[in-house]
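I have placed the structure first, in the form of structure tokens, so that the comments after it can refer back to it.
This one's a predicted model, so the numbers in the text were calculated from it and none came from an experiment.
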Amino acid sequence: MKLSRKLHKLFSFDAVESLSEHLCRWTHPVSARRILATLDRAEFAKLRGCYPYRPNARKINAYEDAAYWIGINVERAQDLWLDRAPPLRLLDLGCGAGYFLYVCRFFGHEAVGLDTDEEPLFRGTTELLNVHRVISRIHPGVSLPDLGEKLDLVTAHRVCFHRITRAANGEWNEWTPVDWNFFINDIRTQFLKSNGRLLLDFNPRPNNNSFFTNELRDSFLSQGARIFRSKALLAADPARRPRFKETRRNIEM
């Protein structure tokens, strides 16, 4: 049984999609080390002295590993072709420690983040990276704060703002399709340029099940989403199918 599950995973459609992502990165390599070399590693070492490990915050503690997170966010940027796109203006929701913002700036883009200010380590890291963030919380059915401009791209990685409360059995009470439709429409009308895009990248559910239940998949598809593995990519125009590969012609058309 275990062998059959491994073989199914190896030859699944998800595995094929994962391979295609790796191939796209391989054909246009980016040196994460070159980006890492622009950081003041001595100052990063001091961060741990300012923000000691918290035994109940294992995932937050891990964000001190700049080398790991720069590598992860280089891949995220490559998957959106940000390493070869003309300068864009973008917003990263739930920006955390700000590594994605830093990588985007390295590639010549103007990026701002949005997040709460509850994690001291994130505050210290974003200050050290000198990236800009807006302090705000994302609530269902509530518009995000107006930034006063339209953007080419809005992103959110490892999305968790849709989790409201945890039930007695440990499962999360989450946004409904109605909540997601409000959020998507708010991003489209308030933030995106006519050819802008919204990328939502979700964590898998327990047992590595897809975030996209049948109901959520149908809801996102009805909004014109292109679903790829854990990601949903949406265009400003719900009638247009967006692409991960972006070119100057696509942006200016």
Side-chain angles (χ1 to χ4, degrees), residues 63 69-70 72-119 122-123 125-127 129-162 175 179-203 220 223-226 230-238 240 242-246 248 250-252:
Y63 279 89
W69 288 108
I70 288 293
I72 289 293
N73 284 286
V74 164
E75 291 183 354
R76 289 171 175 170
Q78 285 180 289
D79 291 344
L80 286 164
W81 287 59
L82 298 180
D83 55 319
R84 64 201 94 171
L88 304 177
R89 295 190 63 80
L90 63 93
L91 168 67
D92 187 39
L93 302 175
C95 63
Y99 291 113
F100 183 68
L101 302 175
Y102 188 83
V103 168
C104 288
R105 189 173 67 197
F106 180 88
F107 290 132
H109 309 296
E110 294 185 45
V112 60
L114 183 145
D115 210 336
T116 63
D117 192 31
E118 298 175 352
E119 295 297 340
F122 289 176
R123 185 185 315 131
T125 307
T126 53
E127 290 174 355
L129 293 173
N130 193 29
V131 294
H132 177 56
R133 65 173 181 164
V134 174
I135 304 304
S136 181
R137 184 178 294 278
I138 301 174
H139 293 287
V142 179
S143 293
L144 295 179
D146 184 10
L147 299 182
E149 63 176 328
K150 296 285 187 176
L151 304 164
D152 300 291
L153 178 65
V154 176
T155 60
H157 298 99
R158 298 195 172 190
V159 174
C160 59
F161 53 75
H162 64 294
W175 287 8
D179 296 322
W180 279 115
N181 288 341
F182 178 93
F183 171 80
I184 292 168
N185 290 329
D186 183 49
I187 295 292
R188 280 173 162 157
T189 57
Q190 186 177 184
F191 293 101
L192 293 183
K193 295 180 181 178
S194 59
N195 284 295
R197 295 173 296 163
L198 166 64
L199 172 76
L200 300 170
D201 189 1
F202 296 96
N203 292 304
F220 274 83
Q223 287 278 2
R226 182 185 296 276
S230 63
K231 304 169 186 175
L233 185 68
L234 301 105
D237 180 357
R240 187 171 72 89
R243 297 189 296 179
F244 286 88
K245 176 181 177 180
E246 196 62 279
R248 183 177 297 274
N250 299 143
I251 294 169
E252 294 178 347

Closest non-hydrogen atoms of A111 and L101, given as atom of the first, atom of the second and distance, are CB-CD2, 3.7 Å

Please name all residues satisfying side chain to side chain donor-acceptor pair (under 3.5 Å) with T125, sequence neighbours left out, ordered by chain then number.
none

Which residues pass the side chain to side chain contact (heavy atoms under 4.5 Å, CB included) test with Q223, sequence neighbours left out?
N181, I184, N185, R188, L234

Rounded to the nearest 0.5 Å, what's the gap from CG on L82 to CZ on F106? Could you check?
13.5 Å

With a 3.5 Å distance limit and no angle check, can you tell me whether Y99 reaches the backbone of Y63 through a side-chain donor-acceptor pair?
yes

For A232 against A225, the heavy-atom pair lying closest together:
CB-CB, 4.4 Å

Write down the atom of L90, the atom of C104, and the distance for their closest heavy-atom approach.
CD2-SG, 3.8 Å

Residues at least two apart in sequence or cross-chain that pass ring pair (Phe, Tyr, Trp, His ring centres under 6.0 Å) with F107, listed by chain then number, are none

I'd like to check the salt bridge (Lys or Arg N to Asp or Glu O under 4.0 Å) partners of E127; sequence neighbours left out, ordered by chain and number.
none

Tell me every residue that passes ring pair (Phe, Tyr, Trp, His ring centres under 6.0 Å) with F183, counting only those two or more places apart in sequence or in another chain.
F161, W175, W180

State whether K231 and D79 are salt-bridged, where the test is any N-O pair (Lys NZ or Arg NE/NH1/NH2 against Asp/Glu carboxylate O) under 4.0 Å.
yes

In chain order, what residues pass the side chain to side chain donor-acceptor pair (under 3.5 Å) check against T116, with sequence neighbours excluded?
none

Residues in salt bridge (Lys or Arg N to Asp or Glu O under 4.0 Å) contact with R123, at least two apart in sequence or another chain:
D117

List the steps, then state whether side-chain contact (heavy atoms from CB on, under 4.5 Å) holds for R226 with F244.
CA-CA 9 Å; R226 182 185 296 276; F244 286 88; 4.0 Å; yes

Residues 132-156 vs ring-ring contact (aromatic ring centres under 6.0 Å, His included), sequence neighbours excluded, gives none

How would you list, by chain and number, every residue that makes a side chain to side chain contact (heavy atoms under 4.5 Å, CB included) with A236, sequence neighbours excluded?
L192

Qualifying salt bridge (charged side-chain N to carboxylate O under 4.0 Å, His left out) pairs with a residue from residues 89-114, counting only residues at least two apart or across chains
R89-E110, R89-E149

Please name all residues satisfying side chain to side chain donor-acceptor pair (under 3.5 Å) with K193, sequence neighbours left out, ordered by chain then number.
D152

For a side-chain contact (heavy atoms from CB on, under 4.5 Å) check, start with the C-alpha distance between L233 and R197, then their side-chain angles and the critical distance, and finish with the verdict.
CA-CA 7 Å; L233 185 68; R197 295 173 296 163; 4.2 Å; yes

Evaluate the side-chain contact (heavy atoms from CB on, under 4.5 Å) criterion for residues T126 and V131: first the C-alpha distance (whole Å), next the side-chain angles of each, then the deciding distance (0.1 Å), finally the verdict.
CA-CA 6 Å; T126 53; V131 294; 3.9 Å; yes

Heavy atoms, side chains only, cut-off 4.5 Å: are V134 and L91 in contact?
no

What one should report as the nearest heavy-atom pair of G108 and P87 is O-CB, 3.5 Å

Hey, could you give me the CD1/CG distance between I138 and L93, rounded to the nearest 0.5 Å?
4.5 Å

Using side-chain heavy atoms (C-beta onward) and a distance below 4.5 Å, is R76 in contact with T155?
no

Of the non-hydrogen atoms in P145 and F191, which two are nearest, and what is the gap between them?
O-CZ, 3.3 Å

Under the rule for side chain to side chain donor-acceptor pair (under 3.5 Å), what residues qualify as partners of D186, not counting sequence neighbours?
S143, Q190

Evaluation steps, side-chain contact (heavy atoms from CB on, under 4.5 Å), between Y102 and N73:
CA-CA 9 Å; Y102 188 83; N73 284 286; over 6 Å; no

Between V103 and A77, what is the shortest heavy-atom contact and its length?
CG1-CB, 4.0 Å

OG (S194) and CG (D237) are apart, to the nearest 0.5 Å, by 9.0 Å

Heavy-atom distance under 4.5 Å between the side chains of L199 and H157, does that happen here?
yes

